[in-house]
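Since the structure comes first, as C-alpha coordinates, the remarks are kept for the end.
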2 protein chains.
Amino acid sequence: MSASTTPTLEQQWLDQLAQAGYRPTAARRVVIEIVLNTCRALEPLEIFTLARRQHPKLGLVTVYRTLETLEALGLVQRVHQPGGCNIYLRAFEGHQHLLICTACGRAVFFEGDDLSALMERAARQSGFVVHDHWLQLFGTCAECRAAQSAPLPA
Amino acid sequence: MSASTTPTLEQQWLDQLAQAGYRPTAARRVVIEIVLNTCRALEPLEIFTLARRQHPKLGLVTVYRTLETLEALGLVQRVHQPGGCNIYLRAFEGHQHLLICTACGRAVFFEGDDLSALMERAARQSGFVVHDHWLQLFGTCAECRAAQSAPLPA
DNA sequence: GATGATAATGAAAATCTTTTTCAATTATAG
DNA sequence: CTATAATTGAAAAAGATTTTCATTATCATC
Ligand SMILES: [Mn+2]
Ligand SMILES: [Mn+2]
Ligand SMILES: [Zn+2]
Ligand SMILES: [Zn+2]
(Lines give C-alpha, C1' and ligand atoms only; values in the text may rest on other atoms or scores of the structure.)
(Ligands and ions follow the chains in the order given, each with its own letter.)
Protein backbone atom coordinates (compact mmCIF):
# COMPACT_ATOMS: atom_id res chain seq x y z
CA MET A 1 0.00 0.00 0.00
CA SER A 2 0.98 3.59 -0.51
CA ALA A 3 2.31 5.37 2.55
CA SER A 4 0.12 8.44 1.97
CA THR A 5 -3.38 8.04 3.35
CA THR A 6 -6.18 10.40 2.42
CA PRO A 7 -6.38 13.09 5.09
CA THR A 8 -9.63 13.16 7.02
CA LEU A 9 -12.13 15.88 6.26
CA GLU A 10 -11.33 17.37 9.64
CA GLN A 11 -7.67 17.55 8.70
CA GLN A 12 -8.53 19.08 5.36
CA TRP A 13 -10.50 21.81 7.08
CA LEU A 14 -7.68 22.49 9.51
CA ASP A 15 -5.30 22.68 6.57
CA GLN A 16 -7.54 25.19 4.88
CA LEU A 17 -7.64 27.24 8.04
CA ALA A 18 -3.86 27.16 8.25
CA GLN A 19 -3.52 28.13 4.63
CA ALA A 20 -5.72 31.14 5.26
CA GLY A 21 -3.55 32.16 8.20
CA TYR A 22 -5.69 30.81 11.01
CA ARG A 23 -4.20 28.70 13.78
CA PRO A 24 -5.47 25.20 14.46
CA THR A 25 -6.59 25.57 18.04
CA ALA A 26 -8.35 23.16 20.36
CA ALA A 27 -11.53 25.21 20.22
CA ARG A 28 -11.63 25.16 16.44
CA ARG A 29 -10.90 21.45 16.31
CA VAL A 30 -13.81 20.66 18.58
CA VAL A 31 -16.28 22.82 16.67
CA ILE A 32 -15.16 21.35 13.37
CA GLU A 33 -15.41 17.82 14.66
CA ILE A 34 -18.96 18.39 15.81
CA VAL A 35 -20.08 19.98 12.58
CA LEU A 36 -18.55 17.18 10.55
CA ASN A 37 -20.05 14.41 12.64
CA THR A 38 -23.61 15.65 12.77
CA CYS A 39 -26.08 15.01 9.98
CA ARG A 40 -28.23 18.01 10.73
CA ALA A 41 -27.78 21.74 10.99
CA LEU A 42 -26.93 22.96 14.49
CA GLU A 43 -27.44 26.18 16.40
CA PRO A 44 -24.40 27.88 17.90
CA LEU A 45 -25.69 27.06 21.37
CA GLU A 46 -26.14 23.38 20.49
CA ILE A 47 -22.61 23.23 19.17
CA PHE A 48 -21.40 24.93 22.33
CA THR A 49 -23.19 22.44 24.57
CA LEU A 50 -21.86 19.45 22.67
CA ALA A 51 -18.39 20.90 22.41
CA ARG A 52 -18.07 21.56 26.12
CA ARG A 53 -18.14 17.84 26.79
CA GLN A 54 -14.73 17.62 25.16
CA HIS A 55 -13.48 21.08 25.94
CA PRO A 56 -15.13 22.29 29.15
CA LYS A 57 -13.61 25.74 29.24
CA LEU A 58 -14.80 26.63 25.77
CA GLY A 59 -16.69 29.91 25.50
CA LEU A 60 -19.84 30.43 23.46
CA VAL A 61 -18.22 33.46 21.85
CA THR A 62 -15.59 31.24 20.35
CA VAL A 63 -18.26 29.08 18.77
CA TYR A 64 -19.74 32.16 17.13
CA ARG A 65 -16.33 33.29 15.98
CA THR A 66 -15.37 29.91 14.65
CA LEU A 67 -18.60 29.56 12.70
CA GLU A 68 -18.03 33.01 11.25
CA THR A 69 -14.54 32.03 10.15
CA LEU A 70 -15.64 28.70 8.71
CA GLU A 71 -18.42 30.43 6.83
CA ALA A 72 -16.03 33.00 5.41
CA LEU A 73 -13.84 30.13 4.19
CA GLY A 74 -16.85 28.48 2.57
CA LEU A 75 -16.69 25.41 4.79
CA VAL A 76 -20.01 25.85 6.57
CA GLN A 77 -23.23 27.56 5.61
CA ARG A 78 -26.20 29.02 7.40
CA VAL A 79 -29.40 27.10 6.79
CA HIS A 80 -32.87 28.60 6.82
CA GLN A 81 -35.73 26.59 8.25
CA PRO A 82 -39.20 27.43 9.49
CA GLY A 83 -37.95 26.87 13.02
CA GLY A 84 -34.90 29.09 12.83
CA CYS A 85 -32.39 30.64 10.53
CA ASN A 86 -29.19 30.64 12.49
CA ILE A 87 -28.24 27.05 12.20
CA TYR A 88 -25.10 25.84 10.57
CA LEU A 89 -24.25 22.94 8.35
CA ARG A 90 -21.34 21.75 6.25
CA ALA A 91 -21.33 23.82 3.04
CA PHE A 92 -22.44 22.56 -0.33
CA GLU A 93 -19.83 21.07 -2.62
CA GLY A 94 -20.65 22.48 -6.02
CA HIS A 95 -24.26 23.04 -6.97
CA GLN A 96 -26.32 21.23 -4.39
CA HIS A 97 -29.49 21.75 -2.43
CA LEU A 98 -30.87 20.39 0.81
CA LEU A 99 -33.58 17.95 1.66
CA ILE A 100 -34.44 18.26 5.33
CA CYS A 101 -36.44 15.92 7.55
CA THR A 102 -39.06 17.95 9.38
CA ALA A 103 -39.18 15.34 12.14
CA CYS A 104 -35.52 14.97 13.10
CA GLY A 105 -33.73 17.67 11.15
CA ARG A 106 -31.53 15.30 9.18
CA ALA A 107 -30.21 17.08 6.12
CA VAL A 108 -29.15 15.35 2.93
CA PHE A 109 -27.63 16.98 -0.09
CA PHE A 110 -28.87 16.45 -3.59
CA GLU A 111 -27.90 17.78 -6.97
CA GLY A 112 -28.96 17.60 -10.55
CA ASP A 113 -31.75 20.14 -10.38
CA ASP A 114 -32.30 21.95 -13.63
CA LEU A 115 -34.26 25.10 -13.05
CA SER A 116 -33.11 26.92 -16.15
CA ALA A 117 -36.45 26.71 -17.95
CA LEU A 118 -38.25 27.85 -14.82
CA MET A 119 -35.85 30.71 -14.27
CA GLU A 120 -36.09 31.85 -17.87
CA ARG A 121 -39.83 31.89 -17.74
CA ALA A 122 -39.85 33.85 -14.49
CA ALA A 123 -37.33 36.29 -15.98
CA ARG A 124 -39.38 36.81 -19.12
CA GLN A 125 -42.60 37.39 -17.21
CA SER A 126 -41.09 39.76 -14.65
CA GLY A 127 -38.48 41.68 -16.60
CA PHE A 128 -35.88 40.64 -14.01
CA VAL A 129 -32.49 39.21 -14.79
CA VAL A 130 -32.31 36.15 -12.59
CA HIS A 131 -28.95 35.56 -10.93
CA ASP A 132 -29.50 32.96 -8.31
CA HIS A 133 -31.92 30.57 -6.69
CA TRP A 134 -32.65 29.02 -3.35
CA LEU A 135 -34.27 25.63 -3.32
CA GLN A 136 -34.91 23.46 -0.34
CA LEU A 137 -37.01 20.34 0.00
CA PHE A 138 -38.70 19.18 3.17
CA GLY A 139 -39.88 15.69 3.98
CA THR A 140 -39.62 12.76 6.34
CA CYS A 141 -36.59 10.52 6.39
CA ALA A 142 -36.78 6.73 6.30
CA GLU A 143 -35.68 6.44 9.95
CA CYS A 144 -38.41 8.74 11.16
CA ARG A 145 -41.06 6.97 9.12
CA ALA A 146 -39.93 3.63 10.56
CA ALA A 147 -40.02 5.02 14.10
CA GLN A 148 -43.47 6.43 13.51
CA SER A 149 -44.99 3.16 12.38
CA ALA A 150 -43.05 0.94 14.77
CA PRO A 151 -44.99 -0.69 17.62
CA LEU A 152 -44.71 1.25 20.85
CA PRO A 153 -42.26 -0.18 23.39
CA ALA A 154 -44.10 -2.38 25.93
CA MET B 1 -73.45 51.59 -12.40
CA SER B 2 -73.94 48.93 -9.79
CA ALA B 3 -74.06 50.17 -6.23
CA SER B 4 -71.76 47.43 -4.92
CA THR B 5 -68.09 48.10 -5.60
CA THR B 6 -65.40 45.52 -5.08
CA PRO B 7 -63.99 46.04 -1.59
CA THR B 8 -60.36 47.08 -1.50
CA LEU B 9 -57.79 44.53 -0.42
CA GLU B 10 -57.35 46.52 2.77
CA GLN B 11 -61.06 46.20 3.46
CA GLN B 12 -60.94 42.48 2.72
CA TRP B 13 -58.16 42.03 5.25
CA LEU B 14 -60.05 44.02 7.86
CA ASP B 15 -63.10 41.87 7.18
CA GLN B 16 -61.05 38.74 7.67
CA LEU B 17 -59.75 40.11 10.94
CA ALA B 18 -63.30 40.88 12.07
CA GLN B 19 -64.47 37.44 11.06
CA ALA B 20 -61.76 35.92 13.21
CA GLY B 21 -62.84 38.02 16.17
CA TYR B 22 -60.22 40.75 15.93
CA ARG B 23 -61.17 44.42 16.07
CA PRO B 24 -60.34 46.78 13.25
CA THR B 25 -58.23 49.30 15.09
CA ALA B 26 -56.29 52.30 13.85
CA ALA B 27 -53.00 50.54 14.53
CA ARG B 28 -53.97 47.51 12.48
CA ARG B 29 -55.27 49.63 9.63
CA VAL B 30 -52.00 51.49 9.33
CA VAL B 31 -49.86 48.36 9.39
CA ILE B 32 -52.08 46.70 6.82
CA GLU B 33 -52.03 49.73 4.57
CA ILE B 34 -48.25 49.83 4.61
CA VAL B 35 -47.84 46.13 3.90
CA LEU B 36 -50.30 46.32 1.02
CA ASN B 37 -48.72 49.37 -0.56
CA THR B 38 -45.13 48.26 -0.49
CA CYS B 39 -43.65 46.03 -3.16
CA ARG B 40 -40.95 44.60 -0.96
CA ALA B 41 -40.74 42.73 2.31
CA LEU B 42 -40.37 44.98 5.34
CA GLU B 43 -38.86 44.61 8.80
CA PRO B 44 -41.07 45.29 11.81
CA LEU B 45 -39.00 48.36 12.59
CA GLU B 46 -39.38 49.71 9.05
CA ILE B 47 -43.13 49.24 9.23
CA PHE B 48 -43.10 50.96 12.59
CA THR B 49 -41.19 53.94 11.25
CA LEU B 50 -43.43 54.32 8.23
CA ALA B 51 -46.58 53.78 10.26
CA ARG B 52 -45.73 56.43 12.81
CA ARG B 53 -46.07 59.11 10.17
CA GLN B 54 -49.77 58.40 10.08
CA HIS B 55 -50.20 57.22 13.64
CA PRO B 56 -47.56 58.89 15.80
CA LYS B 57 -48.44 57.20 19.06
CA LEU B 58 -48.14 53.71 17.62
CA GLY B 59 -45.90 51.35 19.59
CA LEU B 60 -43.43 48.95 18.06
CA VAL B 61 -44.95 46.15 20.11
CA THR B 62 -48.19 46.60 18.28
CA VAL B 63 -46.45 46.17 14.96
CA TYR B 64 -45.02 42.87 16.17
CA ARG B 65 -48.39 41.78 17.45
CA THR B 66 -50.21 42.80 14.30
CA LEU B 67 -47.75 40.95 12.10
CA GLU B 68 -48.13 37.89 14.28
CA THR B 69 -51.89 38.05 13.90
CA LEU B 70 -51.79 38.64 10.16
CA GLU B 71 -49.39 35.75 9.78
CA ALA B 72 -51.67 33.47 11.79
CA LEU B 73 -54.52 34.42 9.48
CA GLY B 74 -52.37 33.65 6.45
CA LEU B 75 -52.39 37.22 5.18
CA VAL B 76 -48.68 37.92 5.52
CA GLN B 77 -45.62 35.70 5.47
CA ARG B 78 -42.08 35.90 6.73
CA VAL B 79 -39.53 36.04 3.96
CA HIS B 80 -36.02 34.68 4.20
CA GLN B 81 -33.20 36.55 2.53
CA PRO B 82 -29.44 36.59 2.88
CA GLY B 83 -29.72 39.94 4.64
CA GLY B 84 -32.32 38.94 7.19
CA CYS B 85 -35.15 36.57 7.90
CA ASN B 86 -37.59 38.65 9.85
CA ILE B 87 -39.13 40.60 7.08
CA TYR B 88 -42.76 40.43 6.15
CA LEU B 89 -44.62 40.43 2.89
CA ARG B 90 -48.14 39.82 1.67
CA ALA B 91 -48.74 36.07 1.66
CA PHE B 92 -48.82 33.89 -1.41
CA GLU B 93 -52.16 33.29 -3.08
CA GLY B 94 -52.14 29.64 -3.96
CA HIS B 95 -48.91 28.02 -5.05
CA GLN B 96 -46.49 30.83 -5.73
CA HIS B 97 -42.86 31.65 -5.20
CA LEU B 98 -40.84 34.83 -4.98
CA LEU B 99 -38.40 36.54 -7.25
CA ILE B 100 -36.51 39.20 -5.33
CA CYS B 101 -34.35 42.03 -6.61
CA THR B 102 -31.06 41.95 -4.74
CA ALA B 103 -30.56 45.66 -5.41
CA CYS B 104 -33.83 47.18 -4.22
CA GLY B 105 -35.67 44.34 -2.55
CA ARG B 106 -38.65 44.42 -4.89
CA ALA B 107 -40.50 41.12 -4.68
CA VAL B 108 -42.64 39.70 -7.44
CA PHE B 109 -44.69 36.54 -7.26
CA PHE B 110 -44.56 33.85 -9.89
CA GLU B 111 -46.22 30.51 -10.32
CA GLY B 112 -46.24 27.61 -12.66
CA ASP B 113 -43.17 25.85 -11.31
CA ASP B 114 -43.26 22.12 -11.72
CA LEU B 115 -40.78 20.48 -9.44
CA SER B 116 -42.46 17.09 -9.29
CA ALA B 117 -39.82 15.28 -11.34
CA LEU B 118 -37.08 16.88 -9.27
CA MET B 119 -38.80 16.02 -6.01
CA GLU B 120 -39.40 12.43 -7.05
CA ARG B 121 -35.80 11.96 -8.00
CA ALA B 122 -34.60 13.44 -4.71
CA ALA B 123 -37.04 11.23 -2.83
CA ARG B 124 -35.91 8.09 -4.63
CA GLN B 125 -32.25 8.82 -4.05
CA SER B 126 -32.61 9.73 -0.39
CA GLY B 127 -35.34 7.46 0.89
CA PHE B 128 -37.23 10.52 2.12
CA VAL B 129 -40.88 11.20 1.50
CA VAL B 130 -40.89 14.78 0.24
CA HIS B 131 -43.71 16.93 1.56
CA ASP B 132 -42.85 20.47 0.70
CA HIS B 133 -40.45 22.78 -1.05
CA TRP B 134 -39.05 26.26 -0.76
CA LEU B 135 -38.01 28.00 -3.90
CA GLN B 136 -36.89 31.56 -4.24
CA LEU B 137 -35.25 33.32 -7.14
CA PHE B 138 -32.94 36.31 -6.90
CA GLY B 139 -32.11 38.79 -9.61
CA THR B 140 -32.13 42.41 -10.67
CA CYS B 141 -35.32 44.18 -11.60
CA ALA B 142 -35.72 46.26 -14.74
CA GLU B 143 -35.81 49.52 -12.77
CA CYS B 144 -32.53 48.78 -11.02
CA ARG B 145 -30.85 47.79 -14.27
CA ALA B 146 -32.01 51.02 -15.87
CA ALA B 147 -30.76 53.05 -12.92
CA GLN B 148 -27.42 51.28 -13.06
CA SER B 149 -26.74 52.05 -16.71
CA ALA B 150 -28.28 55.52 -16.70
CA PRO B 151 -25.90 58.48 -17.01
CA LEU B 152 -25.07 60.06 -13.68
CA PRO B 153 -27.00 63.24 -12.86
CA ALA B 154 -24.92 66.32 -13.78
C1' DG C 1 -75.67 58.00 22.82
C1' DA C 2 -74.64 56.11 27.41
C1' DT C 3 -72.72 51.86 29.73
C1' DG C 4 -70.41 47.82 31.02
C1' DA C 5 -67.59 43.96 29.28
C1' DT C 6 -63.68 42.79 26.74
C1' DA C 7 -60.04 43.38 23.38
C1' DA C 8 -56.14 46.07 22.22
C1' DT C 9 -52.61 49.31 23.11
C1' DG C 10 -48.17 51.42 24.51
C1' DA C 11 -44.50 52.11 27.98
C1' DA C 12 -41.43 49.82 30.55
C1' DA C 13 -39.20 45.80 32.02
C1' DA C 14 -37.59 41.33 31.05
C1' DT C 15 -35.56 37.89 27.92
C1' DC C 16 -32.77 36.08 24.46
C1' DT C 17 -29.33 36.27 21.05
C1' DT C 18 -25.31 38.14 19.17
C1' DT C 19 -21.38 41.36 19.26
C1' DT C 20 -17.79 44.08 21.38
C1' DT C 21 -14.15 44.90 24.66
C1' DC C 22 -10.16 43.65 26.93
C1' DA C 23 -6.86 41.27 29.77
C1' DA C 24 -4.96 36.69 29.88
C1' DT C 25 -3.52 32.63 27.27
C1' DT C 26 -1.72 30.07 23.41
C1' DA C 27 0.56 29.19 19.05
C1' DT C 28 4.28 30.21 15.94
C1' DA C 29 8.50 31.87 13.92
C1' DG C 30 13.10 32.70 14.88
C1' DC D 1 13.48 29.50 24.95
C1' DT D 2 11.66 34.18 23.58
C1' DA D 3 9.36 37.76 21.25
C1' DT D 4 5.33 38.57 18.49
C1' DA D 5 0.85 38.13 17.08
C1' DA D 6 -3.37 35.48 17.10
C1' DT D 7 -6.86 33.53 19.94
C1' DT D 8 -9.53 32.91 23.80
C1' DG D 9 -13.11 33.48 27.52
C1' DA D 10 -15.45 36.50 30.84
C1' DA D 11 -17.99 40.32 31.21
C1' DA D 12 -20.30 44.10 29.36
C1' DA D 13 -22.86 46.08 25.67
C1' DA D 14 -25.98 46.09 22.03
C1' DG D 15 -30.04 44.50 19.46
C1' DA D 16 -34.15 42.23 18.77
C1' DT D 17 -38.23 40.28 20.51
C1' DT D 18 -41.49 39.14 24.22
C1' DT D 19 -43.86 39.79 28.55
C1' DT D 20 -46.23 42.47 31.94
C1' DC D 21 -49.59 45.57 33.26
C1' DA D 22 -52.17 49.77 33.75
C1' DT D 23 -54.70 52.59 30.45
C1' DT D 24 -57.49 53.22 26.33
C1' DA D 25 -60.47 51.94 22.48
C1' DT D 26 -64.07 49.03 20.57
C1' DC D 27 -68.34 46.62 20.74
C1' DA D 28 -72.74 44.74 22.11
C1' DT D 29 -76.59 45.94 24.72
C1' DC D 30 -79.42 48.89 26.42
MN1 LIG E 1 -30.16 24.65 -7.93
MN1 LIG F 1 -43.45 25.37 -6.05
ZN1 LIG G 1 -35.95 12.23 10.25
ZN1 LIG H 1 -34.64 46.38 -8.03
Practice problem: Scan L58(A) against the nucleic acid and name what it touches under 4.0 Å (heavy atoms): base, sugar-phosphate only, or nothing. | Solution: sugar-phosphate
Quiz item: Between R65(A) and dT7(D), does any side-chain N or O lie under 4.0 Å from OP1 or OP2?
Solution: no
Quiz item: Rounding to a whole Å, what distance do you find between L14(B):CG and dA8(C):P?
Solution: 13 Å
Self-check item: Rounded interatomic separation in angstrom, taking CG from L60(B) and P from dG15(D)
Solution: 15 Å
Quiz prompt | 5′-ward residue of the pair A26(B)/N86(B) relative to DNA chain D | solution = N86(B)
Self-check item: Heavy-atom donor-acceptor pair, Q136(A) side chain to L135(B) backbone, under 3.5 Å
Solution: no
Quiz item: Is there a side-chain polar atom (N or O) of T62(A) under 4.0 Å from OP1 or OP2 of dG9(D)?
Solution: yes
Exercise. Quickly work out the I47(B) CD1 to dA16(D) C1' distance and round it to whole Å.
Key: 15 Å
Quiz item: H55(B) NE2 to dG10(C) C1': how many Å, rounded?
Solution: 10 Å
Quiz item: Can we say E111(B) and R121(A) salt-bridge, meaning some charged N sits less than 4.0 Å from an Asp/Glu carboxylate O?
Solution: no
Quiz item: Any donor-acceptor pair under 3.5 Å joining the side chain of R23(B) to the base of dT6(C)?
Solution: yes
Exercise. Would you indicate whether the side-chain heavy atoms of T140(A) and H131(B) approach each other to under 4.5 Å?
Key: yes
Self-check item: Gap between atoms CD and C1', on E43(A) and dT17(C) respectively (whole Å)
Solution: 10 Å
Exercise. Find the distance L17(A):CG to dA6(D):P and express it as a whole number of Å.
Key: 15 Å
Quiz item: Backbone N or O of R40(A) within a donor-acceptor pair of the T38(A) side chain at under 3.5 Å?
Solution: no
Quiz item: Between T25(A) and dT8(D), does any side-chain N or O lie under 4.0 Å from OP1 or OP2?
Solution: yes
Quiz item: So, does R28(B) use its side chain to make a donor-acceptor pair with the main chain of R23(B) at under 3.5 Å?
Solution: yes
Quiz prompt | Residue met sooner reading DNA chain D from 5', once P24(B) and K57(A) are mapped to nucleotides | solution = K57(A)
Exercise. In whole angstrom, give the distance that lies between atom OH of Y64(A) and atom C1' of dT21(C).
Key: 18 Å
Practice problem: Calculate the interatomic distance between R28(A) atom CZ and dA27(C) atom P; express it in whole Å. | Solution: 11 Å
